Structures are given as structure tokens and as C-alpha cells.
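As C-alpha cells, the structure follows; a few thoughts come after it.
Predicted model, so just to flag it, every value in this text is computed and none were measured. Within every chain, numbering begins at 1; the chains are lettered A, B, ... in the order of the sequence lines, protein sequences first and strands thereafter.
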2 protein chains.
Amino acid sequence: MAQRNTRQRAAVGELLGRTSEFRTASQIHDDLRHAGEDIGLTTVYRTLQLMVEAQQLDAIRTDDGETAYRRCSTGHHHHLVCRTCGRTVEVEGPAIERWTDQVAADHGFTDVQHQLEIFGVCGNCQH
Amino acid sequence: MAQRNTRQRAAVGELLGRTSEFRTASQIHDDLRHAGEDIGLTTVYRTLQLMVEAQQLDAIRTDDGETAYRRCSTGHHHHLVCRTCGRTVEVEGPAIERWTDQVAADHGFTDVQHQLEIFGVCGNCQH
DNA sequence: ACGCTTTTGACAACCGTTTTCACTTTCGTT
DNA sequence: AACGAAAGTGAAAACGGTTGTCAAAAGCGT
């Protein structure tokens, strides 16, 4: 028999459908528990795996070794982060998207994703 | 007292000086043991950490959760990494450098750095 | 060579993730 | 509506890479 519809999968899918931010498995688990869903962490992991395989989610590794998931979406953006106060600005750059795809294609790479973070000191923190 | 020169640190430094490939801590440990060096895995990890802090090494997270290290080559560049075999190509993009500086300046940020990694599947791994 | 301080390394702890396995749920079929 | 086979769930244990602990060893200014 094929894949079945369960309350837990619906909950994970719905949560990730509502945001375009990257979230870790345990963040998702906490969110759902906090919202009253009765769901196990194991199930969250398995559901996320399935959704990645079904190409409904993108997964990236954070710097501290966790995996973060986000629904695949057109129009992603990058972050400009203040290294003093942590303030974050979302920025977009169509030129970057085009450039990375081009570079990857030039080297024979397919299935391309990228990560870009810009760090600096924001106006308020330059005293 | 300052940092000390030890046989173990010299061995790790020399090994990574000879290659420009990304290697994991346990690969480095194995290499050194195989070459007759008596060195503990813990020491390898600590030495790599020190070298990253001293900006002598770049560290990236592989898809399966390991951290891989490689000596920094001169000149700022980015990485195009195959998420299947780990093969890495260094790419440069003056346009990216200009764009990130511009975006940061537009938002009043100074002291700007950025990180860009491109992930994909290389030609060999597309079977 | 002495002695203070750093470094080492076996081992245990940690943490995110995956596996195990008995129990529950789904859903095509009666 | 009820049955039963197959799929899904979740608590707990296992796993694998990395980090912390601490007593012993090594480096280096004197």
C-alpha cells in the first residue's frame, strides 16, 4: 500500500507551509507540542526525511551541526547579520542567484543550492 | 606563556600543508597513525580548532554531518561542493564581492564579511 | 636541570539523529 | 460498520561525530 495520511504528517506539513524560514527538527517538534499536537520527535524526523525525498523541503546543515528544513520556495533571500547585536536584515539578490547557477553549470554541477550570509556591524553598534 | 610547539601540531600542520583537499578529523587521524605518528584523536580535533581560529584552515560541514578541514589558500574565494562525493571547486566572483559590500553599505553596515557556499551534484556523480 | 604552565590522550559525556520493536492507526476490502 | 494487512508511531536504546575531564607528559623561560 502507498503512503498514508496521518494527523502527524498533516501537522508538520501545515506548520512548514505557513513559514518560509529554516527550522530544525526540534524547533518544529517544540512548536507542534506547544500548539497542542501530540507528536514524537522521531516522527518529526521521519516526516521531514520523507518530505526532503519528495522534494517538498530543502535541508541545510547549520554551523553547529544541526539540520534545518524549509519548504522549497521560489524567491529565497539571504541574511545581513550584525555581529554585535544580532540584528538581521533579509536581502534579496537576483544577480546572485543567476551567478551561482551559472558558475555551477559551468562546472557541470546540477541540483544546485547555495547559502550566503553577510556579517558586519550595523549603524547602531558603531558608536 | 604563549602557544607551544609540539610534535603533534607540527604533524597536523605539515599534513594539511601538503594537500589542498578537504579532510575530516578522523581521516587526518588515520593518515597520521598510518604514517607512524603517535597522536590521539582528541588532539587532532583540538589542533584543527586552533588552526581554524588562527584562520589557517577553512572548515565546512559535509552533508552527512562531519566537519572537513582544508588549509586556506590565499585570495578570497568561494566553494562549489559536490554533495555526493565532496569534490570541491574554488570559484571567484568579483561581482559577488561588490554586491555584498553594496548591500551592506545600503543598510548602514560596516566591517563586512561574507560566506557563500554552493552545493550541487557534480558531473561524475550524476550516473 | 628546575618548575611552572601548556598540552596530551584515554575515557566518558554530549547532542543530534537513526534504529528498534511493540503497539496503534489507516484504508481497501468485506 | 467491521476486519485485517500494511504502514505509521513513539519511547527508549543505539549510533557517530565532537567536546569535556583530569591525571600524566612535555615544552620552555629561568
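Residue contacts shown for A/S26 are absent, as no nucleic acid heavy atom lies under 4.0 Å away. Among the heavy atoms of the strands lying under 4.0 Å from A/R46 is at least one base atom, whether or not backbone atoms are also near. Heavy atoms of B/T42 sit under 4.0 angstrom from at least one base atom. Residue A/D38 is classed as a sugar-phosphate contact, given heavy-atom separations below 4.0 Å to backbone atoms only. Backbone-only engagement by B/T67 is indicated by non-hydrogen atom pairs under 4.0 Å involving sugar-phosphate atoms exclusively.
Atom CZ in A/R61 sits about 12 Å away from atom P in C/dG16, given to the nearest Å. Here the P atom of nucleotide D/dA25 and the CD1 atom of B/I39 are 18 Å apart, to the nearest Å. When the P atom of C/dA10 is taken as reference, atom NE2 of B/H29 falls 8 Å away, rounded to whole Å. Atom-to-atom, OH of B/Y69 to C1' of D/dT18 comes out at 8 Å; the value is rounded to the nearest Å. Between the C1' atom of D/dG10 and the CD atom of A/E37 lies a distance of 14 Å, rounded to the nearest Å. Across the protein-nucleic acid pair, B/Q8 atom CD and D/dA25 atom P stand 14 Å apart, rounded to whole Å. Atom CD1 in A/I60 sits about 12 Å away from atom P in C/dT17, given to the nearest Å. Between A/R9 atom CZ and C/dC27 atom C1' there is a gap of 14 Å when expressed in whole angstrom units.
Ranked by how close their nearest DNA chain D nucleotide is to the 5' end, B/Q49 and A/G40 are led by A/G40.
Using the six-membered ring where Trp is involved, B/H78 and A/W99 have ring planes that are perpendicular, over 60° apart on the 30 and 60° scheme.
Closest to the side chain of B/T6, from the set C/dT17, D/dG27, D/dG8, is D/dG27. Closest to the B/Y45 side chain, of the nucleotides D/dT19, C/dT8, C/dG16, is D/dT19. Closest to the side chain of B/L41, from the set C/dT8, D/dT18, D/dG10, is D/dT18. Looking at the side chain of B/N5, the nearest of the listed nucleotides C/dC27, D/dC28, D/dT9 is D/dC28. Among D/dT9, D/dG17, C/dT17, the nucleotide with an atom closest to any side-chain atom of A/E66 is C/dT17.
Checked by atom type, the side-chain pair B/R70/B/H79 shows a donor-acceptor distance below 3.5 Å.
The residue from B/T6, B/I39, B/L50 that alone fulfils the side-chain contact (heavy atoms from CB on, under 4.5 Å) condition with B/V12 is B/I39.
Residues A/F22 and A/V44 do not share a hydrophobic cluster, defined by chaining ILVMFWY side chains whose heavy atoms lie under 4.5 Å apart. Cluster membership check: B/I96 shares its hydrophobic cluster with B/F109, using side-chain heavy-atom separations under 4.5 Å among Ile, Leu, Val, Met, Phe, Trp and Tyr. Under a hydrophobic clustering in which Ile, Leu, Val, Met, Phe, Trp and Tyr are joined whenever their side-chain heavy atoms come within less than 4.5 Å, directly or via other members, B/V121 and B/V81 fall into different clusters.
Contact annotation: B/R7 side-chain N/O to D/dG27 OP1/OP2 distance is not under 4.0 Å. Close to C/dT6, at under 4.0 Å from its OP1 or OP2, lies no side-chain N or O of B/Q3.
A donor and an acceptor atom sit less than 3.5 Å apart, one in the side chain of A/R4 and one in the base of D/dA6.
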